Amino acid sequence: MAEDIRDVITHVTEQVRRAVVGHDQAVRLTLTAMLAGGHVLFEDVPGVGKTTLVEALAKTLDLNFRRIQFTPDLLPSDILGGAIFNQKTAQFEFRKGPLFTPIVLADEINRATPRTQAALLEAMGERRITLDGTTFDLDPNFFVLATQNASEFAGTYPLPEAQLDRFLMRLHLGYPDQAAELALLMGEHRDLAIDTVLNGQQLQALKQQVKAVKVDPKVAEYVLNLVQATRDAASVRLGISPRGGLALMAAVKAYALIDGRQFVTPEDVQTLVTPVFAHRLLMMPGSELTATAQLEMILQQITVPD
């Protein structure tokens, strides 16, 4: 069963790679987050293929996709929807916003005001939206991929900690290597005619398989030791919360399943610690260490289980 799942994931990845050149690990981690039921934040410069990746993934999974361009004048109602007066019926009718879509690209999310950013919190955390006392359930496969401009860019509003915590991973596509970018410039190996591999129900079934992946108590203790080490580090102002630890556990189980295994290894944990923890770790003001550097130090300090 696990090998069959690996074959399916390999097929999905191959399809996405037809449109996205030179970002294989980012594609793999994005699929990991999706199977784990989380969301992904991309922090990158414009023009490296984030939108293309999301569109290709949506086509491969046969899921509807919407792109929302976040701007300073964007209002919560612009993404959630609202009541519209119908003159024919003389009644207010709720018109759904673009957030009622299985896969949503929140482009340049930190260009919108904190009020609009906060409109995503319930949707991302609970997969539902409450408006005027009425709760609307979102698609079971609801998945947000957001892009964030670097903080030094003009006209940005830093995402608050509560918003960052809603993202399972923060990833960086970065620039492709020289060979991949040359192929991109030459128009080689880039095909937008992508085949559908999975539908929504099959994706739900894969998510259920993630829950069945086994975690050895020694590996779980290893995760806990890493979490506790972030809280004890002198350079850290706020360490990883229990929710952050649960996020890592969900991610490593999905990563193992993608690799065709029904068990988690310490190597899975080491691979995912930075994508899952770095954006949750708050460093002390004036610290010379970045969150990524701090996590690398912790990985070297904590004993790896046999």
Side-chain angles (χ1 to χ4, degrees), residues 29-30 32-33 36-44 50 68 70-72 74-76 79-80 99 104-130 142-172 223-224 226-252 269 272-299:
L29 292 178
T30 301
T32 297
H39 310 283
V40 175
L41 175 65
F42 286 104
E43 189 173 65
D44 260 309
K50 299 180 293 292
I68 306 173
F70 279 64
T71 57
L74 190 73
L75 299 175
I79 61 175
L80 300 177
L99 211 59
V104 174
L105 173 61
D107 208 7
E108 298 182 302
I109 187 174
N110 60 336
R111 288 189 61 207
T113 62
R115 179 187 178 193
T116 302
Q117 293 175 14
L120 290 167
L121 291 176
E122 183 183 18
M124 294 176 64
E126 309 295 336
R127 282 180 171 75
R128 66 188 183 195
I129 291 173
T130 302
F142 178 68
F143 183 48
V144 173
L145 293 100
T147 68
Q148 175 176 247
N149 290 330
S151 57
E152 59 266 22
F153 280 28
T156 60
Y157 299 85
L159 294 179
E161 289 78 7
Q163 182 73 62
L164 285 172
D165 200 43
R166 293 302 195 277
F167 291 100
L168 179 65
M169 296 185 194
R170 183 179 64 183
L171 303 177
H172 305 271
V223 170
L224 180 58
L226 292 171
V227 169
Q228 292 178 334
T230 66
R231 302 169 186 170
D232 298 335
S235 298
V236 175
R237 179 165 64 90
L238 184 62
I240 300 301
S241 68
R243 181 160 60 182
L246 290 171
L248 181 57
M249 290 291 283
V252 295
V269 177
L272 294 178
V273 159
T274 298
V276 176
F277 279 180
H279 63 289
R280 293 179 162 91
L281 205 61
L282 298 184
M283 306 303 292
M284 293 290 289
S287 173
E288 296 181 358
L289 286 176
T290 64
T292 298
Q294 180 66 69
L295 289 170
E296 290 175 354
M297 290 179 57
I298 290 173
L299 284 171

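No experiment lies behind these values; they were computed from the predicted model shown.
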Is a donor on one side and an acceptor on the other found under 3.5 Å between the side chain of R170 and the backbone of V40?
-> no
Taking the side chain as every heavy atom from C-beta outward, state whether I68 and L105 have any pair of such atoms under 4.5 Å apart.
-> no
So do the side chains of L272 and L29 get within less than 4.5 Å of each other, counting heavy atoms only?
-> yes
Please determine which of L281, L282, L238 meets the side chain to side chain contact (heavy atoms under 4.5 Å, CB included) test together with T230.
-> L281
Measure the spacing between CE of M169 and OG1 of T274 and express it to the nearest 0.5 Å.
-> 11.5 Å
Where do H279 and L164 come nearest, in terms of heavy atoms and distance?
-> CD2-O, 3.2 Å
Kindly state each residue pair satisfying salt bridge (Lys or Arg N to Asp or Glu O under 4.0 Å) with at least one member in residues 287-297, sequence neighbours excluded.
-> none
Would you confirm whether H39, through its side chain, and F143, through its main-chain N or O, come within 3.5 Å as a donor-acceptor pair?
-> no
What residues, two or more places apart in sequence or in another chain, satisfy side-chain contact (heavy atoms from CB on, under 4.5 Å) together with A162?
-> none
Considering all heavy atoms, the nearest A293-L289 contact = CB-CD2, 4.0 Å
Straight-line distance of I109 CD1 to L41 CG, nearest 0.5 Å = 7.0 Å
Looking only at heavy atoms, the pair that brings A123 and L99 closest together is CB-CD2, 3.7 Å
Heavy-atom nearest pair, G245 first then V227, reads CA-CG2, 4.0 Å
What heavy-atom pair brings A278 and T292 nearest, and what distance separates the two atoms?
-> CB-OG1, 4.2 Å
With T147, which residues qualify under side chain to side chain donor-acceptor pair (under 3.5 Å), at least two apart?
-> D107
Under 4.5 Å between any side-chain heavy atoms of L120 and V104, yes or no?
-> no
Do the side chain of T32 and the main chain of A251 share a donor and acceptor less than 3.5 angstrom apart?
-> no
For residues 231-241, which residue pairs qualify under side-chain hydrogen bond (donor to acceptor under 3.5 Å, both in side chains), counting only residues two or more places apart or in two chains?
-> none
Which pairs, with at least one residue in residues 113-124 and sequence neighbours excluded, count as a salt bridge (Lys or Arg N to Asp or Glu O under 4.0 Å)?
-> E122-R128
Grab the two heavy atoms, one from V236 and one from M283, that are nearest each other, plus how far apart they are.
-> CG2-SD, 4.1 Å
Listed partners of D165 passing salt bridge (charged side-chain N to carboxylate O under 4.0 Å, His left out), at least two apart = R243, R280
To the nearest 0.5 angstrom, please state how far the CZ atom of F42 sits from the CD atom of Q148.
-> 12.5 Å
Please list, chain by chain and in numerical order, all residues satisfying side-chain contact (heavy atoms from CB on, under 4.5 Å) with P114, sequence neighbours excluded.
-> Y157
With sequence neighbours left out, write down each residue that passes side-chain contact (heavy atoms from CB on, under 4.5 Å) with L121, or none if nothing qualifies.
-> A118, Q163, R166
Partners of A36 by side-chain contact (heavy atoms from CB on, under 4.5 Å), sequence neighbours excluded?
-> L168, A250, A254
Output for pair (R111 CZ, F70 CZ), nearest 0.5 Å, gives 11.5 Å
Measuring from F277:CZ to L248:CG, what's the distance to the nearest 0.5 Å?
-> 4.5 Å
So how far is it from L246 CG to I240 CD1, rounded to the nearest 0.5 Å?
-> 12.0 Å
